[in-house]
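The block underneath contains the structure these notes are about, expressed in structure tokens.
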Amino acid sequence: MLKLIVEHTYPSFATRDSSKPIEKRDRTCAVARVLDRNDTSVKSNGMPYVLTMVDSPDASTLWVAEASCFPVPSSLGAEEALLAVPLASALYLWDRLGLELGEVAVYTEGSDFAGLIGQVAIWRGGLPVIRLDHSSVEPALDQGECLSIADQEEALRRLQLRIKDKPGVAAVDLSGRPEIIDLILEVIPRWGRVMLAGRSQQRVTVDFYTNVHRKGAVLLCEAFDPLSILEKRERASYLSMAFRLVEKKDIVETCSRLVK
Amino acid sequence: MPDWLIKILLTVYTKIPPALRPTLKELFVKSTLRVESLAKRRQIIQGKRVEFLDFEIAHLLPYELLGPGPDEVLVEAECSLISPGTERAVLCGLPGARRGFPYIPGYSTAGKVIKKGKNVKGIEIGDRVAGRIKHASHETALASTLFKVPPGVSAEEASFIELGIIVLQGIRKAAIKPGERVAVVGQGLIGQLANRLARLLTPASLVAVAPSRNRERLAVLSGGVDQYLSLKENQDCVHAVKADVVIEAVGTPQANVTAMQCAREGGRVVLLGSSRGLTRDWDVWNVAQERNLTIIGAHISDMPERDASPQRWTYAQEGKLFLELVETKRLNVADLITWRAKPEECNAVYEVLAEGGRDHVGITFNWGA
């Protein structure tokens with residue numbers, strides 16, 4: 001176990017997601033210094049700071065298993081290190097969906113991280129990257145598109161038109177809303193990949209035969225959690241990719257804007 | 001033409017004095033074309049095209065071709081792009097690229113449709129198209145193999161179509177993820193296109209590795225690499241690259257090993273350059289096995305004809321995507337052209353190419369000029 005003194009936390013990650021289980025609502029990630037027996041700062045794998053999960057945004061000193069701490073490259077500040085966590089989660093999400101250069105990427109409203117997820121799709125070469133949204137208030141990302149779903153039938157028609165003739169489509173639902181899930185499953189073409197990542201509060205009626213079985217579609221069912229990457233087996237590889245990205249000023253600026 | 005007739009004609013041909021052969025051959029070709037023209041009711045079109053007459057000898061020569069068949073269109077070329085690796089290999093008779101002469105080079109051209117066959121749908125006279133067409137002022141092609149050039153994409157840009165597809169299929173196989181470190185070994189046309197396409201996938205770092213700094217200026221332009229390493233200055237620089245993904249874009253047997261040396265342990269190496277010849281003395285254990293490398297072959301001929309699958313799109317899909325990337329200004333290729341030649345200059349162009357291409361990257365023939 002390592003003794004840590006927390007320097008920065010990102011409280012807003014967890015607390016604003018009211019659909020999360022109560023016991024997880026306060027959990028967040030933190031950048032902390034490692035202390036030795038004399039409470040003097042020491043380095044972990046040569047790095048002065050580590051990234052870890054904490055049970056409360058107010059935590060100050062805690063003991064954490066060494067395996068749960070990720071050294072933060074010394075080139076990064078605390079803010080960048082914290083941004084790397086949701087970024088790594090978004091990288092993981094599109095990797096699970098296998099989004100390729102030139103494929104259509106569809107994502108939805110329903111998460112404070114939707115913008116970041118859309119941006120990562122653009123960074124992966126998605127073309128076009130389409131946000132499904134009830135309102136047209138949310139501005140489309142640079143190089144992204146926004147499609148209003150206020151009128152379901154019109155949205156279906158326009159989305160079908162946009163997807164037509166494209167070699168591949170990957171979509172993520174972050175809303176958990178039946179009408180959006182329905183729209184995505186209806187529009188997804190052969191071999192489409194869909195992630196149901198919103199916390200669905202209602203039951204959904206799905207024509208599995210037509211929209212999944214016959215299309216050879218892949219349905220990934222989980223809930224998107226911007227911190228969950230820290231608990232996944234693949235965390236090291238995704239965190240290191242995210243750390244490298246947030247070393248770039250323009251990427252930090254974009255992520256900060258989208259995660260606020 | 002049936003085999004027995006070819007045999008008889010060849011026997012007759014060998015009995016003719018050599019001095020008379022070229023004239024008689026030309027006469028024969030013209031006569032058969034006219035017979036075919038009458039039989040198929042297709043007009044004879046006059047054009048000019050580049051021909052390799054022998055090793056390192058290229059000329060622009062007049063030629064005749066039949067007008068388009070039912071499923072074909074006649075394309076008047078605006079711009080054709082030289083594929084430096086393949087064309088140089090044929091011109092110089094490099095291993096793996098031996099062809100008979102005369103040889104008609106070229107396979108990446110943009111132009112305008114001036115005639116179409118009766119079965120052709122979706123392409124109209126006056127449409128701008130691009131595809132696998134030789135360096136010729138006029139050429140017929142199956143309409144189904146061509147791509148319509150979107151408005152806003154110039155003929156010069158569209159002439160990159162085939163090279164773009166070649167590189168796209170390799171980049172796709174590389175499966176680059178945002179935040180990965182990427183290296184491109186070789187900075188010729190394929191390498192520079194690989195830089196630009198890899199950049200679209202947001203790598204954490206993009207490093208060019210090349211024999212010299214001759215092509216550095218182009219490589220570091222907007223949309224290009226972050227760092228440029230010259231092997232001439234430091235042969236051992238490859239070991240410090242440690243890239244997650246390495247794109248080999250040189251096309252020599254030794255470059256395969258250089259690319260592997262640039263990879264980190266567990267990295268992926270995509271063999272995109274056509275490395276004709278044998279890679280000798282490959283230290284399999286130290287270079288690849290011990291470092292758990294994944295080596296991926298990527299040649300345009302491996303693309304599926306139908307039905308794409310993950311990391312394997314069809315030729316038509318990649319071509320359409322290439323033009324879309326150019327149209328939406330995500331990909332800039334025009335600044336990779338370093339020599340806009342007239343077709344009449346083909347002799348000089350191929351002389352330079354035979355010498356190794358000097359500092360040139362993209363060389364086009366502008367047919368409309």
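Hydrogens, waters and symmetry mates play no part in the numbers below; they use all other heavy atoms, side chains included. Quick note on labels: first sequence line is chain A, next is B, and so on, each numbered from 1.
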TODO: Determine the option with the most heavy-atom pairs under 4.5 angstrom with chain B, choosing from A/Leu245, A/Leu101, A/Ile122.
DONE: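 It is A/Leu101.
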[Y] and [X] side chains, donor-acceptor separation under 3.5 Å:
X: A/Tyr107; Y: A/Asp173; result: no
X: B/Gln187; Y: B/Asn195; result: yes
X: A/Thr210; Y: A/Asp207; result: yes

Using non-hydrogen atoms and a 4.5 Å limit, figure out which bit of [X] sits close to chain B: side chain, backbone, both or neither.
X: A/Leu99; answer: neither
X: A/Trp191; answer: side chain
X: A/Phe243; answer: neither
X: A/Glu247; answer: neither

Where does [X] contact chain A at under 4.5 Å (heavy atoms): side chain, backbone, both or neither?
X: B/Lys320; result: side chain
X: B/Leu321; result: side chain
X: B/Glu318; result: neither
X: B/Ile176; result: neither

TODO: Look only at the side chain of B/Gln192 and the backbone of B/Leu189, and say whether a donor-acceptor pair between them is shorter than 3.5 Å.
DONE: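 Not a single qualifying donor-acceptor pair exists.
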- [ ] Cation-pi check, B/Arg132 to B/Tyr315: give yes when NZ or CZ is under 6.0 Å from the six-membered ring centre and within 45° of the ring axis, no otherwise.
- [x]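 Here B/Arg132 passes the 6.0 Å and 45° test against B/Tyr315.
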Open item on the list: Just verifying a value: how many Å separate B/Asp335 CG and B/Arg217 CZ, rounded to the nearest 0.5 Å?
Closed with: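 The distance works out to 8.5 Å.
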Open item on the list: Please give me the minimum heavy-atom distance between B/Ser205 and B/Arg181, naming the atom from each residue.
Closed with: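 Residues B/Ser205 and B/Arg181, closest heavy atoms: OG-CG, 3.3 Å.
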